[in-house]
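To keep things clear, I will list the structure first and then write my remarks on it.
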Number of protein chains: 2
Amino acid sequence: MRADAKRNYDQILAAAEAEIARSGADASLEKIARDAGVGSATLHRHFPSRQSLLEAVFHDRVEVLCAKARELSTAADPGRALAGWLRDLAVFGATTRGLAEAMLYATPAVSDCEVMLRDAGGTLMRRAQATGDVRADVAIDDLLTVANAVSLATRDATDAARLVTLAIEGIGGPAGHSGG
Amino acid sequence: MRADAKRNYDQILAAAEAEIARSGADASLEKIARDAGVGSATLHRHFPSRQSLLEAVFHDRVEVLCAKARELSTAADPGRALAGWLRDLAVFGATTRGLAEAMLYATPAVSDCEVMLRDAGGTLMRRAQATGDVRADVAIDDLLTVANAVSLATRDATDAARLVTLAIEGIGGPAGHSGG
DNA sequence: CACTTAACTGGGGTGGCACCCCACTTGTCA
DNA sequence: TGACAAGTGGGGTGCCACCCCAGTTAAGTG
């Protein structure tokens with residue numbers, strides 16, 4: 001990649017990050033290009049689809065989440081570790097406007113972030129299943145989809161955390177039981 | 001309302017129903033007007049916002065769901081009744097493209113459908129809480145949001161039903177327990 | 001250094017959109 | 001039947017995604 005191309009690429013990415021944070025996944029690509037100081041054609045050349053731009057923007061942050069999953073994979077309580085990570089994921093999605101929408105339309109075969117999260121979360125889940133904290137008939141895609149769903153339906157970290165916790169624990173029982 | 005106005009209103013509604021089923025909540029309003037055989041201004045006069053059109057389109061169907069809730073409010077097993085209804089709601093949202101998006105952006109004070117569902121679901125929930133089938137610290141908005149969230153994140157009735165069931169039961173325990 | 005060339009660029013075009021204005025049409029009622 | 005308010009839609013504005021192509025520039029060569 002030529003030096004000027006790389007410079008433009010980075011500028012577009014920075015502008016996209018700011019604009020997506022403000023306006024969500026359907027931010028104006030024209031405005032991103034304008035803010036980055038490049039023509040819209042340049043943006044479209046570097047990122048042929050909206051999806052590819054979103055992936056690039058969120059890649060680093062998703063990596064942070066995955067690193068957290070790797071840390072948690074040696075935690076004492078696998079069930080609690082998984083629950084906490086899913087909560088983080090949903091909160092992250094709800095507060096990082098656009099990530100959830102991006103994940104929703106991600107084609108599994110194409111999406112880099114999707115694969116990373118599946119791998120990281122899958123490890124946590126299997127450990128929790130091994131200890132019996134999580135049912136054996138649950139798939140990692142189900143859990144990611146639920147966390148993502150909550151992200152889509154909330155714009156607030158507190159709501160996202162509460163709803164994921166609710167979905168993890170279930171609605172049954174006489175009162176909120178925070179553990180197990 | 002004048003006779004010709006009513007005719008146009010109905011034609012717009014019919015066209016909107018077809019188009020939204022095909023393209024979801026962000027269907028082209030211009031195309032709906034074209035299909036209805038009216039000018040776009042007429043559509044915008046009858047429905048000042050996209051949201052108001054979506055509400056009108058889904059109103060009848062939401063009413064059906066609410067009627068179902070009223071039937072279920074005398075069911076023998078309140079917990080199972082609530083779970084079944086939430087599953088229906090999510091499936092309905094997932095398969096009726098656009099409803100979930102519409103609910104997401106609904107302003108509670110303004111939204112007719114939102115209020116109807118809250119009333120209908122609230123009754124079911126309180127009964128389930130009275131029998132101890134559902135925790136006392138759960139709010140109806142939480143349940144509606146979770147069902148809506150699942151609708152947003154799935155495009156398939158089977159997936160929607162499975163995920164709502166998962167969220168209702170929780171992910172804990174050694175295996176899938178269908179009764180709850 | 002000058003020169004070549006392929007990678008790279010962005011202004012401007014196309015077609016589509018939401019939403020609005022206003023001259024015109026039509027249902028309604030005295 | 002006549003008057004008029006309610007209702008209409010063509011066309012305008014400003015925004016968007018996406019593409020084309022003539023011009024520009026970095027990078028490699030003698």
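Just so we're on the same page: letters track the sequence lines, and every chain starts at 1.
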Within the 4.0 Å heavy-atom criterion, would you say Ala41(A) contacts the bases, only the backbone, or no part of the nucleic acid? base
Look at all strands and tell whether Thr42(A) reaches a base, only sugar-phosphate, or nothing, counting heavy atoms closer than 4.0 Å. base
Looking only at side-chain N and O atoms, does Asn8(A) come under 4.0 Å of OP1 or OP2 in dC8(C)? no
Between Arg7(B) and Asp4(B) (salt bridge meaning N to carboxylate O under 4.0 Å), is one present in this structure? no
In whole angstrom, give the distance that lies between atom NZ of Lys6(B) and atom C1' of dT8(D). 18 Å
Using a cut-off of strictly less than 4.0 Å, decide whether Arg45(B) has a side-chain nitrogen or oxygen near OP1 or OP2 of dT8(D). yes
Nearest 0.5 Å please: distance from the CG atom of Leu82(A) over to the CZ atom of Arg80(A). 12.5 Å
Axis-to-axis angle for the helix from dC1(C)-dG30(D) to dA30(C)-dT1(D), ends of five pairs each, to 10°, equals 0°
When rounded to the nearest 0.5 Å, the distance separating CZ of Arg135(A) from CD1 of Ile171(B) is 9.0 Å
Nearest-Å distance, CD1 (Ile32(B)) to C1' (dA18(C))? 12 Å
From CG of Asp4(B) over to P of dA6(D), roughly how many Å is that when rounded to an integer? 13 Å
Rounded to the nearest Å, what distance is computed from the CG atom of residue Leu53(A) to the C1' atom of nucleotide dC18(D)? 14 Å
Working to the nearest 0.5 angstrom, can you tell me the gap between Leu99(B) CG and Leu117(B) CG? 7.5 Å
The side chain of Leu29(B) lies closest to which of these nucleotides: dC8(C), dC19(C), dT8(D)? dC19(C)
Over all strands shown, is Ala27(A) touching base, sugar-phosphate only, or nothing at heavy-atom distances under 4.0 angstrom? sugar-phosphate
Would you say the side chains of Ser28(B) and Glu19(B) form a donor-acceptor pair under 3.5 Å? no
How many angstroms lie between atom CD1 of Ile140(B) and atom CG of Leu124(B), to the nearest 0.5 angstrom? 7.5 Å
Residue whose closest nucleotide on DNA chain C lies nearer the 5' end, Met1(B) versus Ser28(B): Ser28(B)
At their closest point, which heavy atom of Ser151(A) faces which heavy atom of Ala100(A), and how far apart are they? CB-CB, 3.6 Å
Please determine whether a side-chain nitrogen of the Lys or Arg among Glu17(A) and Arg61(A) lies less than 4.0 Å from a carboxylate oxygen of the Asp or Glu. yes
Under 4.0 Å between a side-chain N or O of His46(A) and OP1 or OP2 of dT9(C)? yes
Could you check which of dC19(C), dA17(D), dA6(D) has an atom nearest any side-chain atom of Arg2(B)? dA6(D)
Picking from dC16(D), dC17(C), dG10(C), the nucleotide nearest the side-chain atoms of Glu30(A) would be dC16(D)
Given atom NE2 of His44(A) and atom C1' of dC21(D), what is their separation to the nearest angstrom? 16 Å
Between atom CG in Leu43(A) and atom P in dC8(C), what is the gap in whole Å? 15 Å
Using whole Å, what does the distance between atom P of nucleotide dT8(D) and atom CG of Asp10(B) come to? 12 Å
Gln11(B) CD to dG7(D) C1', straight-line distance once rounded to whole Å: 14 Å
Would you classify Arg7(B) as touching base, sugar-phosphate or nothing, given that sugar-phosphate means primed atoms plus P, OP1 and OP2, and contacts are heavy atoms under 4.0 Å? nothing
